[in-house]
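Report on one structure; see the data block that follows.
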Amino acid sequence: PETGCLSLVVLGASGDLAKKKTFPALFNLYRQGFLLSNEVHIFGYARTKISDDELRNRIRGFLIQGKGASDEQLEELSKFLQLIKYVSGSYDSAEGFQLLDKEISEHEVSKKTIEGSSRRLFYFALPPSVYPSVCKMIKNYCMNKSDLGGWTRIVVEKPFGKDLDSSEKLSDQIGELFEEPQIYRIDHYLGKELVQNLLVLRFANRFFMPLWNRDNIDNVQIVFREDFGTEGRGGYFDEYGIIRDIIQNHLLQVFCLVAMEKPGSLKPERIRDEKVKVLQSVLPIKDEEVVLGQYDGYKDDPTVPDNSNTPTFATVVLRIHSERWEGVPFILKAGKALNSRKAEIRVQFKDVPGDIFKCQKQGRNEFVIRLQPKEAMYMKLTVKQPGLEMSTVQSELDLSYGQRYQGLTIPEAYERLILDTIRGDQQHFVRRDELKAAWEIFTPLLHRIDNGELKPTLYQPGSRGPEEADQLLERSGYVQTHGY
Ligand code: BG6
């Protein structure tokens, strides 16, 4: 790994994302020895005028649960907090960014005894409306100037625009200032353990490749459910809706990994090439293969307009025009305020031809990958009911991570992804052409929803969502299985 001075700048340091995700991820990396005190300095930047200590106090409670913490943990925490410095300034002011640059440079000078180059990472925990101006400020004032080489990278997170045009405009603005290898577009689903496992599962096992096609697979579901609504984020959410918030990015990334062809190697560019290819093979979405919902009570939020047409639930069927997948529906489903919190992939196989057991009614072969909670993979299959009778029953081959990997802590998505940005590995980040292809799939549908041509139906919070969604599932060939 590279060595040298590392400056991590969290822009929007006093905001929610920074407190809940970015700083805790940095602290976990520090605890595990990935951020070394003699190399790293962390800078928080935001508009609020507060002192270093005030920032440290604001984030402290998000890093460690005070009560149960041991003295050792508290000492670790205080050492970590000492690495953080705060700089206040606005997102379009030269002064603020000049000051930030001065602080970073001082840090670099103080660490110049370390062999190696200087590295500057800017993490945007910011609303995208300020991305262009912040990029300009960094480019003008804060780039790495070390003679010893090194780099400057930026980490940005969705929403990247609201449709194809606005996203392309934003990409152009950023692209004029930074090269693609400097831009890390985070989709935190790509940092989840079982999402990262998909490539290994598909391409390192003899079991799956021969079966992974239209001859054997009947339908695929990629599902995201949350059992809470848009609490406190109604205003933001209403501008975007569930398709832009979850389906166009998180579920579509999972879709790519399930449906793409095998890359020539594990080089990030080869993997991303395959993802782009499968996205470009998706056929236009048909209205009759879309169900939209809005939960009852969503509009009670004072920041949500009374006439809001924004879906908080959607089921969308994607179809791929390819030799492997012709005719196989990929059902992407996401909803807020449903009956459970779960994200999973369900690959349902076709019935066995010439069935001699007459067991089909018990259910089909199904391969389930549960991304969260309680990571697991299981295969539903038919076995003989133990006992004297020659009857059959559905059972599971079950790999539950909690049991199989007892005592192992699965890293948080953000932790892993931030480490990748420091290491310069773009495999789990979204490339510009991938983002464009993703918007191409959903933009026509989104425009029709925005125009009010398609409307969500009301569903009760705590339910499965609109009934029409279950009907669409059934029409797409999904057969309800029992047991797990
Ligand atoms: C975010 C969405 O990207 O993902 C949120 O904006 C959603 O609306 C969240 O709650 C879900 O992430 P996770 O990791 O809890 O599934």
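All values derive from a computational prediction rather than experimental measurement. Indexing begins at 1, ligand by ligand and atom by atom, following the structure's order.
Under the 3.5 Å distance criterion, with hydrogens and angles disregarded, no donor-acceptor pair is assigned to the side chains of S476 and N219. There is no side-chain donor-acceptor pair under 3.5 Å between S322 and S281. For the residue pair N451 and E453, a side-chain donor N or O sits within less than 3.5 Å of a side-chain acceptor on the partner. With no hydrogens or angles considered, no side-chain donor-acceptor pair links D470 and Y478 at under 3.5 Å.
At least one cation-pi condition fails for K374 and Y401: the charged atom is not both under 6.0 angstrom from the six-membered ring centre and inside a 45 degree cone around its axis.
Listed by number with element, the atoms of ligand 1 under 4.0 angstrom from any heavy atom of D245 are 2 (C), 5 (C), 6 (O), 8 (O). Applying the 4.0 Å criterion to heavy atoms of K336 picks out, from ligand 1, the atoms 5 (C), 7 (C), 8 (O), 10 (O). Close contacts of ligand 1 with K158, meaning ligand atoms under 4.0 Å from a residue heavy atom, involve 1 (C), 2 (C), 3 (O), 6 (O).
For atom 1 (C) of ligand 1, the candidate residues are R233, H250, K192; the nearest heavy-atom contact is made by H250.
For R341, every heavy-atom contact with ligand 1 shorter than 4.0 Å involves the side chain, none the backbone. The part of Y189 lying near ligand 1 is the side chain, judged by heavy-atom distances below 4.0 Å.
For F224, the heavy-atom gap to ligand 1 drops under 4.0 angstrom.
Under the side-chain contact (heavy atoms from CB on, under 4.5 Å) rule, L100 has a single partner from S88, S7, C142, which is C142.
Of all protein heavy atoms, the one closest to atom 7 (C) of ligand 1 is E226 OE2, 3.5 Å. In terms of protein heavy-atom proximity, atom 12 (O) of ligand 1 is nearest to H188 NE2, 3.1 Å.
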Acceptor/donor pairs from residues 128-137 side chains to any protein atom, 3.5 angstrom cut, sequence neighbours excluded:
unit_1	atom_1	unit_2	atom_2	d
Y131	OH	E157	N	3.3
Y131	OH	E157	O	2.6
S133	OG	Y91	O	2.9
S133	OG	V130	O	3.3

